[in-house]
Amino acid sequence: MRIRIPKGWEMREQDATPETVFLNRRQLLAAAGLSALPAWAQSAKRNEAFTLDRPITEEWAATGYNNFYELNPLAKEGLAALASEFQISPWTVELTGQCNKPQKLDLDDILKKFPFEERLYRFRCVERWAMAVPWTGFPLSLLLKLADPKPSAKYVRFVTVNRPNQMPGMKQAPYPWPYFEGLRMDEAMNPLTLVTTGMYGKPLPKQNGAPIRLVVPWKYGYKSIKSIVKIEFTSSEPPTLWNKLNAQEYGFYSNIDPKKPHPRWSQAIEQLIPTMQRKPTLLYNGYEQYVASMYKGNEH
Ligand SMILES: Nc1nc2c(c(=O)[nH]1)N[C@H]1C(S)=C(S)[C@@H](COP(=O)(O)O)O[C@H]1N2
Ligand SMILES: [Mo]
């Protein structure tokens, strides 16, 4: 029997170059030191536990249609251009309040310290627009545990950076800046609650809350606070910006519920950007199995 030895030009590529062709383009560029992607983004594997009932929103839509009142309280489009002065490096996040190890963490330390993964999450604004995004991040619980919260820590308060000279919207509207939000301790420690530094495999764009934000997928979007500089453990329920502005319309919990209308509109339907295709709203945005046990049903 004659063994036919393939000619060089007949060889499949992976026979010729055993290692490299099994790397994807992103990894190849990174190996050559040519990638703009940071190491944490390259190593973040998709967590297959989180699946969607809809396509991933096109990146241009999720990064081009935003709510970030510090940049512009009146518009959702064109916010990237308004963020040109916003400096996101260096950046520190302070852990403080009812904890044994208060500390300030440099963003670079955070990026090195935690096991980054990619998760596909549905995201729903209280105004009814919705999207589905691949976020890169890690569970907030890991960051909180670093500070060793005391038993008296029952809630967590989050604060956004306060830079009126870099964020033109802050001088446009008389909100009680800086933006502030909060979660109950069990919500903050829930494995779904994600600290996020990237989306679509890249660092977060400024208009989406660079360099570090929260993503709380079973709650209306305003709970997912952007550009965080301070995380404080508190013994009582912290005030939140939207609740302070209008307590009738925006509660502390803000869990997504199709049966609980906003005082000015129904929440039964949501609309997927950019087509605004209508979809039924899901209880807890479809995350009931992960979060329902935390609630008695009277939270709002
Ligand atoms: N600091 C800060 N965080 C914020 C907001 C904001 O105006 N300022 N808007 C919230 C609202 S209302 C929504 S719907 C989401 C929007 O996130 P996205 O622009 O990434 O879609 O961010 C939330 N986080
Ligand atoms: Mo929102």
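All ligand and atom numbering here is 1-based and tracks the order in the structure. Note that the coordinates shown come from a computational prediction; the quantities given were computed from them, not determined experimentally.
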### Query
Can you tell me which residue and heavy atom of the protein come closest to atom 8 (N) of ligand 1, and the distance to 0.1 Å?
Glu70 OE1, 2.7 Å

### Message
On a heavy-atom basis, I'd like to know which of Lys226, Gln207, Met167, Met131 is closest to atom 3 (N) of ligand 1.
### Response
Lys226

### Message
If you take the nearest heavy atom of each of Phe68, Tyr65, Tyr179, which one is closest to atom 10 (C) of ligand 1?
### Response
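Selected option, by shortest heavy-atom distance: Tyr179.
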
[X] to ligand 1, any heavy atom closer than 4.0 Å:
X      : result
Trp242 : no
Tyr220 : no
Arg213 : yes

Can you sort out which atoms of ligand 1 are near [X], meaning under 4.0 Å from one of its heavy atoms?
X      : answer
Tyr69  : 6 (C), 7 (O)
Cys125 : 14 (S)
Ser224 : 22 (O), 23 (C), 24 (N)
Thr160 : 1 (N)
Gly221 : 10 (C), 11 (C), 13 (C), 14 (S), 15 (C), 22 (O), 23 (C)

Any ion pair linking [Y] and [X] (charged N to carboxylate O, less than 4.0 Å)?
X      : Y      : answer
Lys279 : Glu270 : no
Glu70  : Lys171 : no
Glu48  : Arg46  : no

### Query
So does Lys260 have more than 12 non-hydrogen atoms from other groups sitting under 6.0 Å from NZ?
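It does: Lys260 NZ has more than 12 such atoms within range.
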
### Task
Give a yes/no verdict on a cation-pi contact between Arg122 and Phe50, requiring under 6.0 Å between NZ or CZ and the six-membered ring centre and an angle within 45° of the axis.
no

### Message
Does any part of the side chain of Asn67, heavy atoms only, come nearer than 4.5 Å to the side chain of Lys76, both counted from C-beta?
### Response
yes

### pair Glu187-Tyr253: side-chain heavy atoms closer than 4.5 Å
yes

### Message
Taking distance alone, with N or O pairs closer than 3.5 Å, would you say Trp129 contacts ligand 1?
### Response
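No, no N or O pair falls under 3.5 Å.
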
### Donor-acceptor contact present, side-chain Arg157 to main-chain Thr234, <3.5 Å
no

### Message
Once you restrict to heavy atoms under 4.0 Å, what part of Asn67 touches ligand 1? Side chain, backbone, both or neither.
### Response
both

### Query
With Trp218, which of Asn190, Asn285, Asn255 fulfils side chain to side chain donor-acceptor pair (under 3.5 Å)?
Asn255

